[in-house]
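Numbering of ligands and ligand atoms starts at 1, following listing order. Only a predicted model underlies this, so the values are computations on that prediction, with no experimental measurement involved.
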Amino acid sequence: MRRQLSEEKCNPFFLFSRLIVASLFLVMFSCQQEKVAPPKPVLPVPSEQQLQWQEMEVNAFIHFSLNTFTDKEWGYGNESPKLFNPVGFNPDQWMKVLKEAGFKGVILTCKHHDGFCLWPSKYTERSVKNSPFEGGHGDVVKAVSDACKKYGMKFGVYLSPWDRSRADYGKPSYIEYYRNQLKELFTNYGPIYEMWFDGANGGDGYYGGANEKREIDRATYYDWSTTLKMISAIQPNVLFFSDAGPDIRWCGNEQGYMDKTNWNTITTDTLYAGKAGTSRLLETGSPDGTSWVPGEVDTSIRPGWFYHPKEDSLVKTPEQLFHIYLTSVGRGSNLLLNVPPDREGLLNESDIKSLLGWKKLIDQTFATDLALNCKVKASEVRGDSPEYAGKNVVDGNKDTYWATDDGIKTGTLTLDLGEPKTIGYVTLQEYIKLGQRVKSFTVSAWLNGEWKQIAEGTTIGYKRILKFAPVKTDKVKVAILDSKACPVISRVSLY
Ligand code: FUL
């Protein structure tokens with residue numbers, strides 16, 4: 001037996017097969033050795049929910065209430081619920097249009113400052129149950145949440161903290177009332193992706209007949225941390241929006257823009273909803289912020305937030321909406337565009353026309369990424385590993401990225417388009433799972449035998465879109481000039 005074995009070992013075929021096995025092991029071992037570690041995250045980084053939210057990009061705000069019927073923007077708090085009667089109410093019509101226009105989620109004003117509730121809350125008489133709408137049996141919140149589900153849209157709620165109708169506004173019992181209503185909404189209306197806390201607290205109001213001005217201490221009255229804990233215990237995945245976050249921050253204006261420099265990071269400790277003088281900070285965020293709180297750009301398709309017949313001719317044009325898209329989504333933010341239903345309870349023809357025209361503009365502009373799968377040369381590649389190669393920015397895969405070695409905070413990507421192509425937009429995306437990094441960059445085109453700068457920017461974040469005078473070129477160079485740590489770029493697109 002022993003002899004037989006040693007004879008086998010001398011057999012050339014046996015030796016050859018052993019050699020193959022040994023070299024396979026060697027190759028596997030050296031591959032393992034060569035695996036280059038990914039860059040360490042630059043803290044803070046987004047949560048999984050924040051990442052998913054960022055990818056929604058465009059959501060709709062729906063301002064609909066008694067104001068729709070009284071032609072007001074801020075109801076005083078004494079308007080009769082009997083005025084609420086949208087006889088043609090059809091949220092399926094809203095969703096059909098919104099979906100077609102590219103919206104991913106809808107946030108409904110369940111109660112605005114006048115205190116009227118769009119659902120039959122058991123804690124107040126000031127609601128749809130005392131209106132002629134569906135004989136007092138209607139529930140707008142339920143119908144909208146159901147329509148969202150039907151059309152595959154996410155559903156979010158707005159519940160005004162300021163209530164001009166309540167006699168006890170300013171007292172602790174109002175906070176209990178407000179929390180009870182949040183409990184109703186979060187328990188009975190399905191998954192809620194975003195809770196929108198408005199920072200507005202105007203002062204005067206009806207307040208149960210007191211007709212006076214009331215001031216509250218904005219920093220302490222609402223005791224937000226208790227409220228947020230209560231809601232999170234019911235729906236842990238909800239994202240809280242307010243001037244101060246904690247998950248999404250206000251953009252600091254209602255005109256439809258974020259600053260060109262937009263950090264997702266900010267230090268929230270000293271911020272609270274409605275705090276005066278923070279607008280500028282909210283527009284930019286801060287590079288050394290201690291929390292990840294992306295900005296949301298809320299603006300209306302009309303001059304007002306609620307429907308007013310006289311504004312039918314003042315609806316923003318598709319071109320104006322496209323510009324807002326560039327100054328919100330194109331600056332690494334999400335757009336929350338308000339589209340208010342009319343007195344019938346339907347989206348108005350003029351708004352529909354604009355929305356669909358806007359969508360057409362977006363689709364036409366960004367139809368073909370001229371950089372997709374082109375050749376890319378990077379000045380540096382992390383550990384010279386294909387895992388972090390330059391071509392990852394044009395592979396259409398959001399999970400791959402180009403990165404440099406630790407400590408290298410600059411670098412260039414040269415995109416070879418193969419033949420001259422006319423371009424007027426560049427889109428850059430950072431792999432924000434590892435934090436926001438880039439502080440400054442330029443984009444150049446190869447024109448008449450030399451590089452000519454066509455665009456420049458500061459931050460990138462989730463997405464940065466830059467528009468420039470169209471050029472015809474076969475090569476484009478993106479240069480990262482400064483970054484918090486090694487740049488981590490997941491996508492470069494040209495249109
Ligand atoms: C503001 C409110 O006062 C407006 O009426 C509107 O709801 C807007 C979204 O937020 O603070």
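The only option from Thr317, Ile324, Asp363, Leu337 that meets the side-chain contact (heavy atoms from CB on, under 4.5 Å) definition with Trp358 turns out to be Leu337. Of the residues listed (Glu55, Gln54, Gln429, Glu57), the one engaging Lys463 in a side-chain hydrogen bond (donor to acceptor under 3.5 Å, both in side chains) is Glu57, and it is the only one.
Within ligand 1, counting atoms from 1 as listed, the ones closer than 4.0 Å to a heavy atom of His63 are 6 (C), 7 (O), 9 (C). Atom numbering of ligand 1 starts at 1 in the shown order; those under 4.0 Å from a heavy atom of His113 are 2 (C), 3 (O). Applying the 4.0 Å criterion to heavy atoms of Tyr158 picks out, from ligand 1, the atoms 7 (O). Using a 4.0 Å cut-off to heavy atoms of Phe61, the atoms of ligand 1 that qualify are 9 (C). Here is the list of ligand 1 atoms found below 4.0 Å of a heavy atom in Trp74: 2 (C), 3 (O), 4 (C), 5 (O). Within ligand 1, the atoms closer than 4.0 Å to a non-hydrogen atom of Ala200 are 3 (O), 11 (O), numbered from 1 in the order shown. Below 4.0 Å from some heavy atom of Glu254 lie the following atoms of ligand 1, by number and element: 1 (C), 8 (C), 10 (O), 11 (O).
No donor-acceptor distance shorter than 3.5 angstrom exists from the side chain of Asn130 to the backbone of Gly136, with no hydrogens or angles considered.
Inspection of the Asn237 and Gln49 side chains reveals an N or O donor paired with an N or O acceptor under 3.5 Å.
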Full working for ring pair (Phe, Tyr, Trp, His ring centres under 6.0 Å) between Trp162 and Tyr178: CA-CA 10 Å; Trp162 181 32; Tyr178 186 69; over 10 Å; no
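A cation-pi contact, defined as under 6.0 Å to the ring centre and within 45° of the axis, links Lys484 to Trp263. Taking the ring centre of Tyr257 as origin, the terminal cationic atom of Arg331 falls outside the region bounded by 6.0 Å and 45° from the ring axis.
Nearest to atom 8 (C) of ligand 1 by heavy-atom distance, out of Trp305, Trp162, Trp250, is Trp305. Ranked by closest heavy atom to atom 5 (O) of ligand 1, the top entry among Lys72, His112, Glu73 is His112.
In terms of protein heavy atoms, atom 1 (C) of ligand 1 is closest to Asp198 OD2, 3.2 Å.
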